[in-house]
2 protein chains.
Amino acid sequence: MSKNNLEKYLDADNCPVRNVLDRIGDKWSVLVILLLGDADTLRFNEIHKYIGTISQKMLTVTLKKLEADDLIHREIYPQIPPKVEYNLTERGKSLLPNLKNLVSWANEHMVEIKSARATALTSS
Amino acid sequence: MSKNNLEKYLDADNCPVRNVLDRIGDKWSVLVILLLGDADTLRFNEIHKYIGTISQKMLTVTLKKLEADDLIHREIYPQIPPKVEYNLTERGKSLLPNLKNLVSWANEHMVEIKSARATALTSS
DNA sequence: AATGTTAATTACCTTAAAGTAAGTGTCTTA
DNA sequence: TAAGACACTTACTTTAAGGTAATTAACATT
């Protein structure tokens, strides 16, 4: 193994993994993407109700970040009361399989991981 | 789309996605896993040197969490000065392809995402 | 006798993420 | 005329993550 071989992961702030994980590693982004992946199109309050535990503020923040990365599209209908719909962009859709794989992995391993964590706790 | 269809993502603190992302979404875990995936076995100070910008404290914390989840294995050699080696467990290895897919996606999309972010900034 | 080695730990501080609760605008309906 | 709908925004507070720098144990080397 050469150090060269590893530098692709370590390009400081230019590191692609970090650039993606910095956005997706937050508390809500992945949930919103998966939700829109399943639901196709949802309004602000629909997302809010589905996730239940997210605050309005955090939903706004999360949606804005995802929109800034062009992972979701925001469609405003000029009517009152306002109507705003969100759906995944092509880029968002291209990320979806990766996330779903992670979800599958999580589903397959969660029970074991939880018991590993419990063991780690008791033996410390 | 039924609400039922989405509840699998929203099981509060029992949600597998959140359980995994809570650990992997931190600043260093993925980097360490990728590193060990490439390097097979590394000592504490080797990881420290490769990542360069990680503090000793955060490396300890990160390794402990990964060990608690049984994603990495910690081998202590009873000698002085101490020697401790880390490598991926089978579970850690099973996670690796998912992470590498994410890395690939990130590599393919980072340039576009960066320009999307720039556009989002100027138009706000 | 002093210094170096390795893998940590500890106390302390800063920053960033997330949560709370209230308010905003504009129209519709009761 | 008051309340309600919707998609936010704002000010403020709390919590968690991460960083800094000094210290430790136990022996080996100079």
Side-chain angles (χ1 to χ4, degrees), chain A residues 10 12-13 15 18-32 35-36 39 41-69 72-87 120 123-124, chain B residues 10 12-13 15 18-32 35-36 39 41-69 72-87 120 123-124:
Chain A
L10 306 170
D13 37 42
C15 167
R18 287 257 46 83
N19 259 276
V20 168
L21 285 170
D22 282 350
R23 291 295 174 117
I24 271 169
D26 71 357
K27 192 165 178 184
W28 301 112
S29 293
V30 169
L31 226 46
V32 169
L35 209 52
L36 289 174
T41 297
L42 288 175
R43 296 179 64 172
F44 184 91
N45 273 350
E46 289 179 311
I47 305 177
H48 191 228
K49 277 166 205 155
Y50 278 125
I51 303 193
T53 49
I54 193 174
S55 66
Q56 266 183 327
K57 179 194 147 191
M58 284 316 296
L59 182 52
T60 312
V61 168
T62 304
L63 290 170
K64 273 199 178 154
K65 282 187 183 176
L66 293 175
E67 194 199 358
D69 284 10
I72 66 173
H73 170 72
R74 181 166 179 269
E75 187 75 33
I76 313 149
Y77 296 85
Q79 63 187 44
I80 282 164
K83 175 179 175 183
V84 181
E85 286 185 344
Y86 294 91
N87 51 18
S123 67
S124 65
Chain B
L10 306 171
D13 38 41
C15 167
R18 286 259 45 85
N19 258 277
V20 169
L21 285 170
D22 282 350
R23 290 295 175 116
I24 272 169
D26 70 357
K27 192 166 176 183
W28 302 111
S29 292
V30 169
L31 226 45
V32 170
L35 210 51
L36 288 175
T41 296
L42 288 175
R43 295 180 65 174
F44 183 91
N45 273 350
E46 290 177 310
I47 305 177
H48 191 228
K49 276 167 206 154
Y50 278 125
I51 302 195
T53 49
I54 194 173
S55 67
Q56 264 183 323
K57 178 192 148 191
M58 284 315 297
L59 182 53
T60 311
V61 168
T62 304
L63 291 169
K64 273 199 176 152
K65 282 187 184 176
L66 293 175
E67 195 198 358
D69 284 11
I72 66 174
H73 171 73
R74 181 166 178 268
E75 187 74 33
I76 312 149
Y77 295 84
Q79 63 186 47
I80 284 163
K83 175 178 175 183
V84 181
E85 285 185 344
Y86 295 90
N87 51 18
S123 66
S124 65

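The chains referred to below are lettered A, B, ... by the order of the sequence lines, with proteins before strands, and numbering in each begins at 1. Since we're looking at a predicted model, the values are computed, not measured.
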Write down the protein N/O and nucleotide N/O pairs, taken from nucleotides 9-16 of chain C, whose separation is under 3.5 Å; answer none if there are no such pairs.
residue	atom	partner	partner atom	Å
dT9(C)	OP1	Lys64(B)	NZ	2.8
dT9(C)	OP2	Lys64(B)	NZ	3.0

_Distance in Å, His73(A) NE2 paired with Tyr86(A) OH, rounded so as to fall on 0.5 Å steps_ = 10.5 Å

_Test applied, side chain to side chain contact (heavy atoms under 4.5 Å, CB included); reference residue, Glu85(A); option that passes from Leu42(A), Thr41(A), Ile76(A)_ = Thr41(A)

*Could you give the CG-to-P distance, from Leu31(A) to dA18(C), as a whole number of Å?*
12 Å

*Euclidean distance, atom NZ of residue Lys27(B) to atom C1' of dA17(C) [Å, nearest integer]*: 14 Å

*Tell me: NZ of Lys49(B) to C1' of dT5(C), nearest whole Å?*
10 Å

_Separation of atom CZ in Arg74(B) from atom P in dA7(C), rounded to whole Å_ = 10 Å

*What is the 5' to 3' range of DNA chain D, first to last nucleotide, that sits under 4.0 Å from any heavy atom of chain A?*
dA5(D) to dA11(D)

*What's the CD-C1' distance between Glu46(B) and dT6(C), to the nearest Å?*
12 Å

*Between dA8(C) atom C1' and Glu67(B) atom CD, what is the distance in whole Å?*
13 Å

*Integer-rounded Å distance: dG4(C) C1' and Asn45(B) CG*: 13 Å

_Output the rounded distance in Å from NE2 (His48(B)) to P (dA8(C))._
12 Å

*asked:* If I take atom NZ from residue Lys49(A) and atom CZ from residue Phe44(A), how far apart are they, to the nearest 0.5 angstrom?
replied: 11.0 Å

_Using 0.5 Å steps for rounding, measure from the NZ atom of Lys83(A) to the CZ atom of Arg43(A)._
5.5 Å

*Check side chain to side chain contact (heavy atoms under 4.5 Å, CB included) between Ile24(A) and all other residues, then give those that pass, not counting sequence neighbours.*
Val20(A), Val30(A), Leu95(A)

*asked:* Which residue in the set Leu31(B), Ile54(B), Leu59(B) passes side chain to side chain contact (heavy atoms under 4.5 Å, CB included) when paired with Ile47(B)?
replied: Leu59(B)

*Taking only residues two or more places apart in sequence, or in another chain, which ones meet Gln56(A) in a side-chain hydrogen bond (donor to acceptor under 3.5 Å, both in side chains)?*
none

*Interface residues of residues 79-86 of chain B with DNA chain C (non-hydrogen, below 4.0 angstrom)*: Pro81(B), Pro82(B), Lys83(B), Val84(B), Tyr86(B)

*Taking only residues two or more places apart in sequence or in another chain, which ones pass salt bridge (Lys or Arg N to Asp or Glu O under 4.0 Å) with Glu75(A)?*
none

